[in-house]
Structure formats: C-alpha cells, structure tokens
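Keep in mind the model is a prediction, meaning the values are calculated, not measured. Below, all heavy atoms of this structure are taken into account, side chains as well, without hydrogens, waters or symmetry copies. Here is the naming used below: chain letters follow the sequence lines, and residue numbers restart at 1 for every chain.
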Amino acid sequence: MVTDLVIYKEEYDRLEDVLRRLRADSNARAIFLIDKNGQQIAASGELDQFDTTSLASLTAGNVAATDGLAKLIGEREFSVLFHEGKQDHIHISIVGKRAILLVIFDDRSSLGLVRLRVKRASGDMESIFDRMTSKASEALEDVSASRSSPFSEITDEDIDALFSE
Amino acid sequence: MTFINYASKEINCKIVYYGPGLGGKTSNLQYIYEKTSADSKGKMISLATEADRTLFFDFLPLDLGTVRGFTTRFHLYTVPGQVFYDASRKLILKGVDGVVFVADSQVERMDANIESIRNLQENLEEHGFDLKQIPYALQFNKRDLANIVPSDQMYRTLNFKREPTFEAVATQGLGVFDTLRAVAKLILKDLSRG
Ligand SMILES: Nc1nc2c(ncn2[C@@H]2O[C@H](COP(=O)(O)OP(=O)(O)O)[C@@H](O)[C@H]2O)c(=O)[nH]1
Ligand SMILES: [Mg+2]
C-alpha cells in the first residue's frame, strides 16, 4: 500500500527556507511545493495573490496528464514544464519523484535564471525529502510499538463532531 | 495517501467520486458546495466540456473542522464517466484515500454501473490499491425517477463488501451528506488504526 506523506516541523521549516531562498535568488513572484496528489506542502512569496488550493490541484492534474502523455510516446516523464503567458509565466518541475515545484514569475526574472536556481534548490529539497521518508518509517515503527500516533485515539465521537453542523 | 503535516497541524485526505457517466457525481459535489459555508470550502473547479460533461475532473476542497487538534481537509474529486476517458480516470485515483461510487438507479444504466465498478477495481489495482481494503461507500442515485431498479436488487448486484450504502437524489441533496460522512468516517478510522 502507498505510504502516507508525513511532515514534521523541522523538515517543514527547512523546506520553507529553501523556498524562500529560491524565491529571492530567482526573483520569482511565488513558489509552491506540491505533492503529486494535489496537496500543497509549502509555499513562499505573494501567496495572497493566488488561490493556492486550486493552484495545487490543477498543477498536479497538469503534471499527471503530462506524465500520461510522456508514457504514451515512450518517455518516462517530462521533468520540466513551462507555460508562457503575456506577463506571468509558470515553471513546473518534479522534485524527488513525489513532489512538484511550481514557480510563478514575471519579467523581473527570466526562464534561464529560474531554471538555474530551481536546479540548485531541487538538490537541497531532495535531501530533505529523504530525511522525511526515513523519519516517517521510524515513526511508523514507533507507532506499531507503542501506539503513540495522535490519531490512534480518534473516536467515533470525534468524527461525528466534524459533521455536527 | 493521507498527507499529515505536523508543522501546520493539518490532515489532508483525497476522496474520489466514481461511477458511470451522467450518474450524478458532479451533482453530488455541486450540492456539497452549495450547502457548505464559505469559510469551510475553497473554490470548486470543474474541468468540463462546453456541454457540461466532466472532461478531466471536478475538484472541491473542504475543511471539516479539527480532530485531535488537527485541521481535517478533504479534497473531493470526480472522474469523467465516459468510457473513453479511462486514462484520465486512472490519473485521478492516484493517492486516493477513499472512494464513493455513484450508481445510476435507472434500469437501463445497470450494465453501465456494473462495468464501472469493474473498471474502478482495475484502475485501483494499477495504483496498488484494493477495493476490498480501501474506505468505500456506495450511493444509489436518482431515486426520484420512475424507471428505477428496486434498492434491494441494486444492493445485491452492486454492493461489494457490505460497504455503507445510501439512496440519493443528488440534485435535491438527498443522501449526499450521508454518503460523504460515511466515507470520511471510514478514512479517519483507517488513520486511527495507523
Ligand atoms: N432526476 C435526477 N437527475 C439527476 C440526479 N442526479 C443528477 N441528475 C442529472 O443527471 C445529469 C448528469 O449529472 P452529473 O452530476 O453531471 O453526472 P456525472 O456525469 O456523474 O458527473 C444532470 O442533468 C443532472 O441534473 C438525481 O438524483 N435525479
Ligand atoms: Mg461529472
């Protein structure tokens, strides 16, 4: 079965650091790190300018569709997508197999610059992901040993309360 | 694949509405969208053809409140039902946490229901999931129409593993939240089992 994606504070902060630096270095408007299933992992930049939830879902849909296209013509994946607009442009790349990096930029930056900086940041992020993965599997062992997950305590009442209104 | 973020204290789950074309999947999401207060929902996105048929997916993000201090967020997706959109359907099942099957109760749609459940099983397997294991709810939609199959007969034909099953009239909202609640419960229970 596919494992859950679990993020702890330490890795989350480090990911945000990488995104913040990437945004500054690339002069981008905003940067989003998105899980391949369409959920936002972290973000940086002019976030109030965008509907971030919709962005995450559509970006993942876009990547999934493009992955499908790649397979149809015998490619494993297209690792970079670029959408050019009149003012704003979108650079999409895959990081560490399970995440998508979305960079929104305008003419204060350039495709070349974004490409260069994304490459560097991707390496940093991949090592953070590796750390996340090993932590998650350690935690999984912890849980089966001691039932220490906060969710092992979820009761029927907790769940009913969610739907109470 | 539930996404748990300990930093922002969020649980994100993905629910996919599956079923034959025109069965009422999009109508389920539309009703949920209408009846949810503005602060607990995001924008509903429909990637549809001009004739209003789902082309790729509908998407509706919902915040249901907190469990054990964690904000629980459900991302609802529908798939396009038409047979020839199978590639898109497969993509949307990626990372799914729970499935709602929306069956069309009309007599002439029974074959399409059966075919679609079979297709669901196959596509889940391609992602390494098993319909026997995954949180799953079944809905008999369009109960308001005249030419429908009796519920108990539909149950015998379509119920797969005694999953929670509901009669519905999605356009009027009947059974819509009951179905959503059932699958959400199963997902959270799964989570509590670790
Ligand atoms: N009478 C009736 N019509 C319904 C019901 N649910 C959906 N419909 C109609 O069936 C058609 C297809 O619904 P839609 O939600 O787009 O189906 P989808 O292809 O599964 O997404 C639309 O015209 C709906 O208005 C229902 O419960 N009763
Ligand atoms: Mg639809």
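Proximity to chain A (any heavy atom under 4.5 Å) is shown, for B/L188, by both the backbone and the side chain. With a threshold of 4.5 angstrom between heavy atoms, A/E16 does not approach chain B through any atom at all. Within the 4.5 angstrom heavy-atom criterion, no atom of B/I92 approaches chain A. With a 4.5 angstrom heavy-atom cutoff, A/L72 does not touch chain B via any of its atoms. Only the backbone of B/T66 comes within less than 4.5 Å of a heavy atom of chain A; no side-chain atom from C-beta onward does.
Residues B/Q106 and B/D104 have side chains that bring a donor and an acceptor to within less than 3.5 angstrom of each other. A donor-acceptor contact closer than 3.5 angstrom is absent between the side chains of A/R20 and A/S44.
Interface check for chain A: of the options B/R68, B/K90, B/H75, B/K94, the most heavy-atom pairs under 4.5 Å are formed by B/R68.
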Step by step, work out the side-chain hydrogen bond (donor to acceptor under 3.5 Å, both in side chains) result for B/N5 and B/N12.
-> CA-CA 8 Å; B/N5 188 332; B/N12 288 278; over 6 Å; no
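Shown are A/T59, A/V80, A/V103, A/T66; of these, the side-chain contact (heavy atoms from CB on, under 4.5 Å) with A/I92 is made only by A/T59.
Ring centroids of B/Y6 and B/F70 are separated by less than 6.0 Å, placing the two rings close together.
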